[in-house]
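Here the structure is laid out as structure tokens; the discussion comes afterwards.
All heavy atoms count here, side chains included; hydrogens, waters and symmetry mates do not. For the single chain, residues carry numbers from 1 onward in sequence order.
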Amino acid sequence: MGHLLSHPIEDKSIEGGSHSRVSYAVGAMQGYRMTMEDAHSVKINEEESVAIFGVFDGHGGKSVAEIVSEKLTSLLFRQLNHHPSMSQKQVIDITRDSFLRIDAQIHKHGRYENVGSTAIVVIVYNKKIIVANTGDSRAVCSINGTAKTLSFDHKPTVMGELVRIENANGYIANSRINEILALSRAFGDFHFKHPWLDSTQNKYIIQNRRYFHKGKVELPPELFMVTAEPDFLVYDIDAHGAPPEFIVVACDGIWDCFKNSDLIRLIRHKIAVGWSLQKITEHVLHESLTKANSYTGVGFDNMTLIIIAIHPNQTMEDWQHMISHRVERARGLRK
């Protein structure tokens with residue numbers, strides 16, 4: 001777990017926004033860690049045709065998380081705004097290329113061999129919810145009270161990840177890459193990526209999805225021992241007939257403290273009794289501190305989460321009444 005404070009920093013950064021189709025609250029807290037290494041980003045255009053939410057969990061320092069939160073979401077936002085009617089495949093292709101391009105830029109402008117960050121990005125675009133994930137942060141949505149996972153954690157012991165790592169001459173010990181890194185996809189962490197650069201050649205370029213160094217073709221970025229390439233999951237609102245009630249996007253520190261279904265249940269019940277998204281977010285952060293356990297290590301991480309209410313055909317008040325009705329009906333209080 002590294003160095004920890006004897007008492008947590010409980011100050012919470014809470015913000016939010018209410019719009020006609022999508023509303024949200026963001027909460028962040030340093031907790032027991034010596035510094036705050038998480039970052040987040042929210043971007044919504046005026047028409048609400050494009051909404052981007054991201055959580056970035058840094059390790060080894062905060063620099064990479066801060067760079068990715070600023071540059072990645074800005075790049076995606078510009079491209080999606082500029083092309084308002086792209087296909088699902090086009091959005092996914094642009095997003096994947098943006099992840100890899102930003103990773104290359106980070107290396108070009110600084111040495112981050114031992115500093116990295118996860119990235120979980122939720123894009124609401126043209127009646128599609130597209131989730132891009134690199135690392136072990138996570139997105140989960142509520143479908144009428146049922147928790148549906150919208151991303152999969154990238155751990156070194158997962159078979160597909162293990163094969164890529166070993167093909168890149170890495171190994172797994174104690175569930176870590178080369179006994180060091182506990183996740184298998186991330187921005188930064190260039191110690192685990194090709195090409196291996198010396199101090200006089202601290203740069204590489206991307207061309208046709210291949211990295212070049214001193215004229216020699218190296219591994220493509222998708223095959224690096226630790227890659228920034230995201231996985232995707234898509235929720236098609238039209239295909240399912242209705243949007244999710246809400247989406248929770250959070251760093252692994254939150255999910256260490258709560259099972260997916262338990263957090264969805266907690267949020268729904270607080271919505272049903274009239275709590276605002278900001279108040280619920282603050283409550284979840286506080287509850288995560290109460291779960292701190294020095295034996296398991298749970299509850300000692302930085303904590304960041306975003307709760308996204310999806311209500312394209314409702315006001316926020318009607319959305320809250322809908323969830324309240326469903327919760328009461330599930331309890332048997334209303335027929």
So does [Y] get a backbone contact from the side chain of [X], meaning a donor-acceptor N/O pair under 3.5 Å?
X	Y	value
H240	D236	yes
N293	T296	yes
N133	F152	yes
T73	S69	yes
N45	S49	yes
E48	S20	yes
T227	F224	no

So, for [X] and [Y], which heavy atoms are closest and what is the spacing to 0.1 Å?
X	Y	value
G188	K193	O-NZ, 2.8 Å
I92	V234	CD1-CG2, 4.0 Å
F187	L72	CZ-CD2, 4.1 Å
A119	F99	CB-CE2, 4.0 Å
V140	A147	CG1-CB, 4.0 Å
S63	Y112	OG-CE2, 3.3 Å

Do [X] and [Y] make a side-chain contact, defined as non-hydrogen atoms from C-beta onward lying under 4.5 Å apart?
X	Y	value
M225	N178	yes
N126	M86	no
V248	F246	yes
T149	N260	yes
S41	I52	no
E10	L289	yes
D231	R185	yes
D318	H311	no

Is it the case that more than 12 heavy atoms not belonging to [X] sit under 6.0 Å from its [atom1] atom?
X	atom1	result
K148	NZ	no
H19	NE2	yes
K12	NZ	yes
E47	CD	yes

Can [Y] be reached from [X] by stepping across I, L, V, M, F, W or Y side chains whose heavy atoms are under 4.5 Å apart?
X	Y	value
I237	V124	yes
V22	I306	yes
I120	V26	yes
F56	I106	yes
I130	V68	yes

Donor-acceptor contacts under 3.5 Å from residues 273-285 side chains, at least two apart:
{"from": "S276", "atom 1": "OG", "to": "K279", "atom 2": "N", "distance (Å)": "3.1"}
{"from": "T281", "atom 1": "OG1", "to": "L277", "atom 2": "O", "distance (Å)": "2.8"}

Under 3.5 Å, is there a donor on one side chain and an acceptor on the other for E179 and Y171?
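Y171 and E179 do have a side-chain donor-acceptor pair below 3.5 Å.
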
Between [atom1] of [X] and [atom2] of [Y], what distance do you get to the nearest 0.5 Å?
X	Y	atom1	atom2	result
S184	R164	OG	CZ	5.0 Å
S175	L183	OG	CG	12.5 Å
L263	I267	CG	CD1	4.0 Å
M303	D38	CE	CG	9.0 Å
I129	L150	CD1	CG	7.5 Å
E166	I177	CD	CD1	11.0 Å

Salt bridge flag under 4.0 Å for residues [X] and [Y]:
X	Y	value
R331	E328	no
E161	K155	no
K89	D93	yes

Can you name the residues that form a side chain to side chain contact (heavy atoms under 4.5 Å, CB included) with Q30, not counting sequence neighbours?
L5, I9, M36, N302

Quick one, V121 with T95, criterion side chain to side chain contact (heavy atoms under 4.5 Å, CB included). Give me CA distance, side-chain angles, the key distance, then yes/no.
CA-CA 10 Å; V121 176; T95 303; 5.8 Å; no

Check against side chain to side chain contact (heavy atoms under 4.5 Å, CB included), F53 and I247
CA-CA 10 Å; F53 305 87; I247 302 170; over 6 Å; no

Please say which of D153, T304, D57, T118 ends up in a side-chain hydrogen bond (donor to acceptor under 3.5 Å, both in side chains) with S137.
T118

Please determine whether side chain to side chain contact (heavy atoms under 4.5 Å, CB included) holds for the pair H154 and D136, giving the CA-CA distance in whole Å, both sets of side-chain angles, and the decisive distance to 0.1 Å.
CA-CA 5 Å; H154 292 131; D136 58 1; 5.9 Å; no

Hey, mind stepping through L100 and E222 against side chain to side chain contact (heavy atoms under 4.5 Å, CB included) and telling me if it holds?
CA-CA 8 Å; L100 297 175; E222 298 92 334; 4.1 Å; yes

Show every side-chain hydrogen bond (donor to acceptor under 3.5 Å, both in side chains) that has at least one partner inside residues 243-255, sequence neighbours left out.
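Sorted pair list: S142-E245, E245-R268, E245-R326.
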
